[in-house]
4 protein chains.
Amino acid sequence: MTNFASDNVTGISPAILEAISAANQDYAASSYGADKWTAGLSEQASEIFEKDVTVFPVISGTAANVLPISSLTPSYGAIYCHEYAHIHTDECGASEFYTGGAKLLSLSGEHAKFSAEKLSASIFGRGVARHAQPALVSVTQTTEAGTLYQVDEVAAISAVARENGMKVHMDGARFANAVAGLGCSPADITWRAGVDVLSFGATKNGAMGAELVVFFNKADSRELEHRRVRGGHYLSKMRFVSAQLSAYLAKDLWLENARRANAMAKRLVDHLKEIPAVSFVHPVEANILFLSMPKKMARSLKDAGFEFYEMSETDPVLVRLVLSFNSSEADVDRFGDIAKSLA
Amino acid sequence: MTNFASDNVTGISPAILEAISAANQDYAASSYGADKWTAGLSEQASEIFEKDVTVFPVISGTAANVLPISSLTPSYGAIYCHEYAHIHTDECGASEFYTGGAKLLSLSGEHAKFSAEKLSASIFGRGVARHAQPALVSVTQTTEAGTLYQVDEVAAISAVARENGMKVHMDGARFANAVAGLGCSPADITWRAGVDVLSFGATKNGAMGAELVVFFNKADSRELEHRRVRGGHYLSKMRFVSAQLSAYLAKDLWLENARRANAMAKRLVDHLKEIPAVSFVHPVEANILFLSMPKKMARSLKDAGFEFYEMSETDPVLVRLVLSFNSSEADVDRFGDIAKSLA
Amino acid sequence: MTNFASDNVTGISPAILEAISAANQDYAASSYGADKWTAGLSEQASEIFEKDVTVFPVISGTAANVLPISSLTPSYGAIYCHEYAHIHTDECGASEFYTGGAKLLSLSGEHAKFSAEKLSASIFGRGVARHAQPALVSVTQTTEAGTLYQVDEVAAISAVARENGMKVHMDGARFANAVAGLGCSPADITWRAGVDVLSFGATKNGAMGAELVVFFNKADSRELEHRRVRGGHYLSKMRFVSAQLSAYLAKDLWLENARRANAMAKRLVDHLKEIPAVSFVHPVEANILFLSMPKKMARSLKDAGFEFYEMSETDPVLVRLVLSFNSSEADVDRFGDIAKSLA
Amino acid sequence: MTNFASDNVTGISPAILEAISAANQDYAASSYGADKWTAGLSEQASEIFEKDVTVFPVISGTAANVLPISSLTPSYGAIYCHEYAHIHTDECGASEFYTGGAKLLSLSGEHAKFSAEKLSASIFGRGVARHAQPALVSVTQTTEAGTLYQVDEVAAISAVARENGMKVHMDGARFANAVAGLGCSPADITWRAGVDVLSFGATKNGAMGAELVVFFNKADSRELEHRRVRGGHYLSKMRFVSAQLSAYLAKDLWLENARRANAMAKRLVDHLKEIPAVSFVHPVEANILFLSMPKKMARSLKDAGFEFYEMSETDPVLVRLVLSFNSSEADVDRFGDIAKSLA
């Protein structure tokens with residue numbers, strides 16, 4: 001069976017699994033992050049981002065989102081995000097919980113992206129007692145639709161945020177795929193574009209369970225340590241999470257894995273775009289394809305052993321395909337060939 | 001260097017590390033716990049506890065505590081625990097956070113244990129609007145002092161809880177050491193003694209980062225799934241946590257590891273009890289020693305490469321030694337011999 | 001100056017002010033609601049609603065909303081309401097706060113009303129871990145637009161709520177105006193139409209500061225007492241709030257005051273509908289008018305001593321006029337006459 | 001019947017009731033505190049405290065406590081207070097709720113007072129991730145035992161707070177009685193002694209339901225407005241609360257009422273201290289007496305129409321007597337005479 005359902009069904013990248021084993025050989029380790037792997041992450045990330053950054057390893061994307069979000073949003077604050085944002089629709093109110101009841105205000109926009117103009121027109125209530133106070137903007141990069149915000153789009157959003165006294169968070173569960181897709185530097189699409197804090201995902205891109213919170217301004221990170229303990233995300237054997245991230249950041253593994261996933265997505269697009277009955281719902285800019293195909297075709301591909309989500313009950317059906325660092329060319333070609341043969 | 005500072009500085013038990021690798025070979029896996037390892041945990045735990053139990057794998061002891069605690073305590077509730085309980089002193093208010101502001105009321109008692117009588121005398125305010133409502137009793141087993149509640153002691157506490165409409169939680173970060181120390185069945189010291197939910201620790205006893213929440217009544221577990229998502233503890237690659245726990249519960253690894261740790265503690269006691277200048281502060285009933293020794297002795301042991309906590313600034317100094325599944329007899333004997341030579 | 005800005009700028013209805021004075025003569029009173037006025041409210045309300053109800057006096061509309069809302073919504077719950085609902089837009093996240101971070105999901109709909117169909121199509125995520133769980137529907141009656149839900153509309157909404165395991169809350173800050181406007185019985189528009197709990201407003205209709213939470217099922221009220229204390233709404237001299245409500249419910253004062261306000265609104269409509277330059281934005285069904293008028297007309301009316309809100313910066317301007325129990329016919333006629341003279 | 005049970009059973013001071021009526025005559029009023037009474041409070045309080053203060057009227061003692069407490073304590077913070085403090089024992093966890101789960105750590109001490117030394121010895125965990133962070137000290141003045149902190153005692157506590165980066169809150173539900181008892185200036189016992197914010201009570205001393213939050217540093221008050229809305233304490237007809245407080249602060253009514261209550265307490269002490277069978281449990285320094293008397297004496301006094309709390313089931317019984325601004329000399333003397341006749 002070949003699994004294109006999500007990049008989180010994939011296993012562990014070999015170098016990361018080795019790093020876990022290697023960390024197990026060291027008996028000098030201290031607990032709760034007082035170890036060399038955790039200590040080294042800061043330097044590794046600072047080099048990648050061309051800036052002194054403050055980092056915190058955690059074990060889930062939700063944790064990587066809500067810990068900085070709640071550090072930067074008071075309980076009476078408002079958080080602006082896209083209506084399809086994971087923090088709004090798929091975390092069972094984690095941001096409301098960690099902030100003590102802040103309000104998420106969702107913005108619409110094509111291809112799961114909102115614009116600076118939309119944001120600007122939606123902000124309200126600043127300084128008015130009865131309204132939640134604008135506090136944070138959260139941008140998802142790669143978006144839920146597999147699309148990308150360009151550098152100037154992020155910069156424009158950040159500018160609106162600044163004008164309104166708000167901080168900017170980037171949900172980068174698939175940040176590596178975004179950098180690979182944009183071909184820009186990590187710095188350009190984050191702090192140079194006004195982003196204050198990044199949830200840098202690793203789990204979907206080869207880690208066993210590890211994400212890195214990256215603050216671009218140390219002052220913003222002041223509360224995180226305590227919030228991490230309260231959330232139950234302060235791990236005694238944190239070194240095994242840090243070791244994963246260390247291997248992930250070393251030797252551009254994060255970028256290589258993402259490039260591979262994106263390349264596989266492109267390869268699949270090349271197959272499918274030849275089929276008239278298949279149409280793309282969103283531009284494919286990273287490692288995710290959203291497309292419409294005849295229900296019969298989807299059925300046949302599943303029968304052939306491919307796993308993926310059908311996201312509508314219509315015919316043609318809306319299909320999501322996610323490619324990963326370990327998707328094989330053979331599988332991609334087989335998928336493409338079967339689809340073409342059914343067209 | 002030999003590390004007796006804590007059992008959470010130890011590495012991963014070989015069978016558990018192998019289980020992680022093995023889980024990485026399987027490409028059929030689904031995300032978010034819809035996998036065979038997670039599915040199997042319920043059966044494994046039900047066999048160990050001689051009862052159909054409902055289980056949830058999580059990655060930290062704090063998560064394993066607060067998720068069930070907040071499922072069973074309303075925001076206006078009161079939680080009774082020992083004044084040294086980890087949930088009260090070392091989780092930065094995690095229980096207050098997850099419950100939405102419940103009140104922790106702490107009880108005193110020798111050797112980090114409180115009695116049913118003490119509990120009974122301390123409960124107040126039931127049915128009175130202005131008082132937090134008695135909701136939960138949390139018992140730590142093995143205690144923070146390395147001591148154990150006997151079966152009848154837990155049963156008596158549970159009886160008081162029941163009379164007052166309260167549920168009983170057992171913080172079992174070192175539950176395996178308790179079972180090994182008591183020589184009883186897991187059922188006897190939990191649900192048969194009135195415990196409603198157990199935080200069954202694995203991290204301190206050989207896992208990389210894994211704990212199992214065990215509900216003895218399915219109805220009590222109703223909220224946990226949603227609270228787990230909100231807390232950021234709903235892992236996409238949960239199978240790697242479940243695989244750890246699966247190996248931990250299989251072939252009595254949990255009990256063997258704990259027996260080993262307890263045996264090493266006993267061995268160390270046998271060495272040290274011969275030394276007049278060393279006195280034991282708490283009975284050693286599991287894998288932790290609290291003792292008083294001359295400051296000079298502590299210093300020399302540290303110089304000899306042993307790591308451990310000095311918990312006072314006095315002379316003689318209060319010392320904590322924690323033995324683990326992978327503590328070696330040679331290290332224990334060397335510690336004992338040095339101590340004796342200094343006496 | 002004549003104030004049509006809001007019904008909360010009005011003073012205290014004479015009978016209510018007298019009731020406060022009278023309560024001050026009684027030295028036998030106990031504190032915290034153990035007094036005869038508070039005790040009597042239950043009976044008064046039960047008679048009005050033709051059902052044994054459980055009531056709690058509080059001092060603000062927000063308190064009257066969030067105390068029952070948080071009693072019926074778990075922290076991981078979702079609350080459905082209109083996008084213009086006061087609980088969503090004007091209480092600075094009070095519902096998110098009191099529930100511990102529940103999610104408010106807003107529905108669109110003409111004239112500040114949403115339909116049962118809209119609700120039905122919007123509910124999602126039931127039983128899915130990562131989604132907030134549908135818990136409560138909140139209906140505002142009289143709506144923010146001054147319009148009314150008909151009995152069958154409320155019943156249809158309640159039916160959808162029931163099918164989805166949700167409770168129904170009615171924000172009745174202007175409930176009296178709704179009953180007066182509909183001409184139905186209080187029972188018909190509440191529990192007989194499936195409403196579980198009502199925030200029965202008095203402040204906007206003649207009280208000094210008093211609202212009554214009315215539960216139609218005693219079981220739903222179980223948590224309210226404790227939540228009231230925690231919220232700081234448990235008043236030592238509660239009898240003075242209860243005395244206001246007692247006078248309000250006695251001799252149909254609540255209904256008479258509302259009828260008067262609605263009649264004044266109707267009288268003002270009769271004046272204004274003759275003016276071609278004035279158009280009504282929402283049907284006037286209770287005591288509030290939303291209309292569009294030339295900016296110059298609005299300016300002149302303000303110069304003539306009338307106070308009201310201009311809700312747009314356009315010309316013609318959107319104007320809100322709120323009539324109260326103590327609006328005078330003379331003032332209404334003067335307003336109408338001036339407007340007509342300017343047309 | 002004469003009620004010595006509590007000062008919150010008393011009625012409304014005549015000047016305050018008149019102020020409510022007077023405020024009802026004014027039709028120019030705006031809602032939500034944009035009125036002249038609310039505006040004037042700031043000036044009145046600034047004069048009394050000899051400093052520019054920032055004030056917020058609220059309607060309950062709990063609200064007056066938790067709104068500033070939660071403004072000055074992060075969710076991961078710790079609040080130190082006496083073990084008998086109202087915020088700890090009688091507000092059903094309101095402080096835990098409003099802060100989002102801060103931890104209340106209680107201190108022991110004779111006569112419901114804790115010392116600077118006790119506080120200093122109890123503070124722990126600053127800068128340590130796993131411990132709640134010291135954030136606030138709350139001092140109750142008049143204490144729950146009817147005793148008073150002297151100016152130098154408050155100053156010493158504040159100094160310890162400052163050294164540990166903590167703010168100081170004074171729960172002054174009976175602040176007026178304290179000032180009357182100490183004979184000092186309001187400034188001396190508050191900001192000059194290091195207090196940052198005061199909950200200045202009026203309800204127990206003649207208001208219908210009104211308390212004033214007084215910030216001595218404007219910066220500390222930044223969050224209060226939003227928290228007040230979220231808590232449901234932002235009243236549309238706030239002018240009627242402000243009018244009460246305006247009358248209370250005018251012409252020293254607050255101080256005169258308190259002096260009267262204290263004088264009545266002293267008068268009652270003078271009667272009772274002659275009786276050998278009566279002993280005082282706490283020094284009587286304001287308007288509350290705690291004493292031990294034969295159960296038979298208590299019974300007879302109740303039979304004679306006096307209401308008060310018996311706080312033990314022992315014989316002699318622990319009795320609490322609270323005198324108020326409107327306690328009469330005749331009643332006090334009658335109580336004293338009956339007691340003496342029974343001795």
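Below, chain A is the first sequence line, B the second, and so on; all start at residue 1.
The two residues B/I59 and A/G232 come nearest to each other via the heavy atoms CD1-O, 4.0 Å. Between B/R230 and A/A94, the closest heavy-atom pair is O-CB, 3.2 Å. Of all the heavy atoms in A/G11 and B/N24, the pair that sits closest is CA-OD1, 3.0 Å.
Neither the backbone nor the side chain of B/S6 comes within contact range of chain A, judged by heavy atoms closer than 4.5 Å. Interface residue A/L235: only side-chain heavy atoms are found under 4.5 Å from chain B. For chain B, the nearby part of A/D90 is the backbone; its heavy atoms alone come within less than 4.5 Å. Proximity to chain B is absent for every atom of A/V66, based on heavy atoms less than 4.5 angstrom apart. For chain B, the nearby part of A/A207 is the backbone; its heavy atoms alone come within less than 4.5 Å. Only the side chain of A/Y32 comes within contact range of chain B, judged by heavy atoms closer than 4.5 Å. Interface remark: A/S21 contributes backbone and side-chain atoms alike to the contact with chain B (heavy atom separation under 4.5 Å).
In this structure B/S328 satisfies the side-chain hydrogen bond (donor to acceptor under 3.5 Å, both in side chains) test together with B/D331, sequence neighbours excluded. Residues that satisfy the side-chain hydrogen bond (donor to acceptor under 3.5 Å, both in side chains) test with A/N205, not counting sequence neighbours, are A/Y248.
Taking the side chain as every heavy atom from C-beta outward, A/L17 and B/I20 approach each other to under 4.5 Å.
Crowding of A/Y84 atom OH: a count of heavy atoms from other residues, nucleotides or ligands under 6.0 Å not exceeding 12.
Considering CZ of A/R228 and OG of B/S60, their distance stands at 11.5 Å, rounded to 0.5 Å.
Most heavy-atom pairs under 4.5 Å with chain B: of the set A/S236, A/A63, A/C92, this distinction falls to A/C92. With chain A as partner, the option from B/M238, B/H233, B/K204, B/R227 having the largest number of non-hydrogen pairs under 4.5 angstrom is B/H233. Highest contact tally toward chain B, considering only A/T62, A/I12, A/T203, is held by A/I12 [criterion: heavy-atom pairs under 4.5 Å].
By the 30° and 60° cut-offs, the orientation of the rings of B/F97 relative to A/Y98 is perpendicular.
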